[in-house]
Colleague: 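The structure is given below, and queries will be raised subsequently.
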Amino acid sequence: MIFIAAKFRVLPEYAERWPEIAADFTRATRAEPGCLWFEWSRSVEEPTEYVLVEAFRDGDAGAAHVGSEHFRQAQRSLPEYLAETPRIVNATVPQDDWSILGEMTVPERR
């Protein structure tokens with residue numbers, strides 16, 4: 001799968017509304033057949049920073065995402081709400097879901 005983590009620093013006046021501002025892009029991306037997940041989180045230390053964790057089935061699915069109309073629309077509309085160009089980590093990993101974090105195994109609960 002293609003695994004991506006991206007940090008978006010939003011202008012302070014839009015930080016509270018960012019999930020709403022990015023909602024159409026989020027919905028459309030999640031509906032893509034090759035999208036495994038597309039999840040936003042907000043930093044607990046920096047309220048203007050959102051982290052997007054996304055994954056696509058393979059390179060073809062990633063290319064389809066970047067070539068989609070909703071991606072092009074996001075390229076046109078979202079930067080006006082950002083304080084800087086987003087930063088990204090992009091990697092191909094040999095799995096198709098989250099792995100178990102064995103170092104923090106939770107015992108069975110009754």
Side-chain angles (χ1 to χ4, degrees):
M1 74 176 163
I2 306 300
F3 182 85
I4 300 164
K7 289 187 174 191
F8 289 72
R9 189 162 312 271
V10 178
L11 289 168
E13 60 268 32
Y14 300 114
E16 292 301 317
R17 293 186 41 236
W18 181 252
E20 173 191 336
I21 291 165
D24 289 342
F25 178 52
T26 300
R27 237 182 331 273
T29 301
R30 287 177 177 165
E32 293 175 24
C35 180
L36 300 175
W37 60 80
F38 194 85
E39 302 171 358
W40 291 99
S41 298
R42 191 172 188 182
S43 171
V44 296
E45 295 176 0
E46 177 52 59
T48 63
E49 185 173 83
Y50 284 83
V51 177
L52 175 61
V53 178
E54 55 188 305
F56 297 91
R57 182 185 59 244
D58 54 27
D60 290 341
H65 170 63
V66 173
S68 69
E69 177 52 36
H70 56 270
F71 188 89
R72 285 191 297 277
Q73 176 59 38
Q75 287 179 298
R76 292 187 297 267
S77 64
L78 296 182
E80 73 179 87
Y81 301 99
L82 300 176
E84 63 187 34
T85 300
R87 292 164 289 143
I88 188 170
V89 174
N90 181 332
T92 300
V93 295
Q95 60 194 70
D96 60 6
D97 202 352
W98 291 92
S99 298
I100 299 295
L101 179 59
E103 295 83 0
M104 288 195 183
T105 300
V106 175
E108 251 187 75
R109 298 194 195 317
R110 297 177 197 234

Colleague: Under a 4.5 Å cut-off applied to non-hydrogen side-chain atoms, are Trp37 and Met1 in contact?
Modeller: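 In contact.
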
Colleague: Taking all non-hydrogen atoms of both residues, which atom of His65 and which atom of Ser68 are closest, and how far apart?
Modeller: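 Smallest heavy-atom distance, with atoms named: O-OG, 2.7 Å.
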
Colleague: Are more than 12 heavy atoms from other residues, nucleotides or ligands located less than 6.0 Å from atom CG of Leu101?
Modeller: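 Yes - once you tally the heavy atoms of other residues, nucleotides and ligands closer than 6.0 Å, there are more than 12.
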
Colleague: I'd like to know whether the aromatic ring centres of Phe8 and Tyr50 sit less than 6.0 Å apart in this structure.
Modeller: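 No, the ring of Phe8 stays outside the 6.0 Å limit from the ring of Tyr50, centre to centre.
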
Colleague: Where is the tightest heavy-atom contact between Val10 and Leu82, given as atom of each residue plus distance?
Modeller: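 What the structure gives for the nearest pair is CG2-CD2, 4.1 Å.
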
Colleague: Compare all side-chain heavy atoms of Ile21 with those of Leu78 and state whether any distance is below 4.5 angstrom.
Modeller: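 Yes, at least one pair of side-chain atoms sits under 4.5 Å.
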
Colleague: Report yes if some heavy atom in the side chain of Leu11 is under 4.5 Å from a heavy atom in the side chain of Trp18; otherwise report no.
Modeller: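 SC-SC contact between Leu11 and Trp18 ruled out.
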
Colleague: How close do Ala61 and Glu32 get, heavy atom to heavy atom, and via which atoms?
Modeller: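 Answer, listing the atom of Ala61 first, then Glu32: O-OE1, 4.4 Å.
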
Colleague: Does the pair Glu49 and Arg87 meet the rule for a salt bridge (charged side-chain N to carboxylate O under 4.0 Å, His left out), with working shown?
Modeller: CA-CA 11 Å; Glu49 185 173 83; Arg87 292 164 289 143; 3.1 Å; yes

Colleague: Going by the rule salt bridge (charged side-chain N to carboxylate O under 4.0 Å, His left out), which residues pair with Arg72 if we only count those two or more places apart in sequence or in a different chain?
Modeller: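 Residues passing salt bridge (charged side-chain N to carboxylate O under 4.0 Å, His left out) with Arg72: Glu69.
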
Colleague: Can you tell me how the ring of Trp98 sits relative to the ring of Phe3, calling it parallel under 30°, perpendicular over 60° and tilted otherwise?
Modeller: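 Correct class here is perpendicular.
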
Colleague: Looking only at side-chain N and O atoms, does Glu45 offer a donor or acceptor that is under 3.5 Å from a partner on Ser43?
Modeller: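 No.
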
Colleague: I want to check something: taking the side chain as every heavy atom from C-beta on, are Thr29 and His70 in contact at a cut-off of under 4.5 Å?
Modeller: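 Side-chain contact under 4.5 Å: yes.
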
Colleague: Transitively linked via ILVMFWY side-chain contacts under 4.5 Å: Trp40 with Val51?
Modeller: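 Per the 4.5 Å side-chain linkage, Trp40 and Val51 are not co-clustered.
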
Colleague: Leu36 and Phe25: same hydrophobic cluster, using ILVMFWY side-chain contacts below 4.5 Å?
Modeller: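 Cluster IDs for Leu36 and Phe25 differ.
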
Colleague: When hydrophobic residues are tied together by side-chain contacts of less than 4.5 Å, even through go-betweens, does Ile88 share a cluster with Val66?
Modeller: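 Ile88 does not cluster with Val66.
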
Colleague: Charged N to carboxylate O under 4.0 angstrom, Arg42 versus Glu16?
Modeller: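 Yes, Arg42 and Glu16 are salt-bridged.
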
Colleague: Taking all atoms of both residues into account, what is the closest heavy-atom pair of Glu39 and Arg30, and its distance?
Modeller: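 Reported closest heavy-atom pair: CA-NH2, 4.1 Å.
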
Colleague: Between Phe56 and Cys35, which heavy-atom pair has the shortest distance, and what is it?
Modeller: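 Scanning both residues, the minimum pair turns out to be CD2-CA, 3.8 Å.
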
Colleague: Which heavy atom in Ala15 sits nearest to a heavy atom in Pro47, and how many Å separate them?
Modeller: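 For Ala15 and Pro47, the tightest heavy-atom pair comes out as CB-O, 3.7 Å.
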
Colleague: With respect to Ile2, which candidate in Asn90, Asp60, Asp58 satisfies the side-chain contact (heavy atoms from CB on, under 4.5 Å) definition?
Modeller: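 Exactly one option meets the side-chain contact (heavy atoms from CB on, under 4.5 Å) with Ile2, and it is Asn90.
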
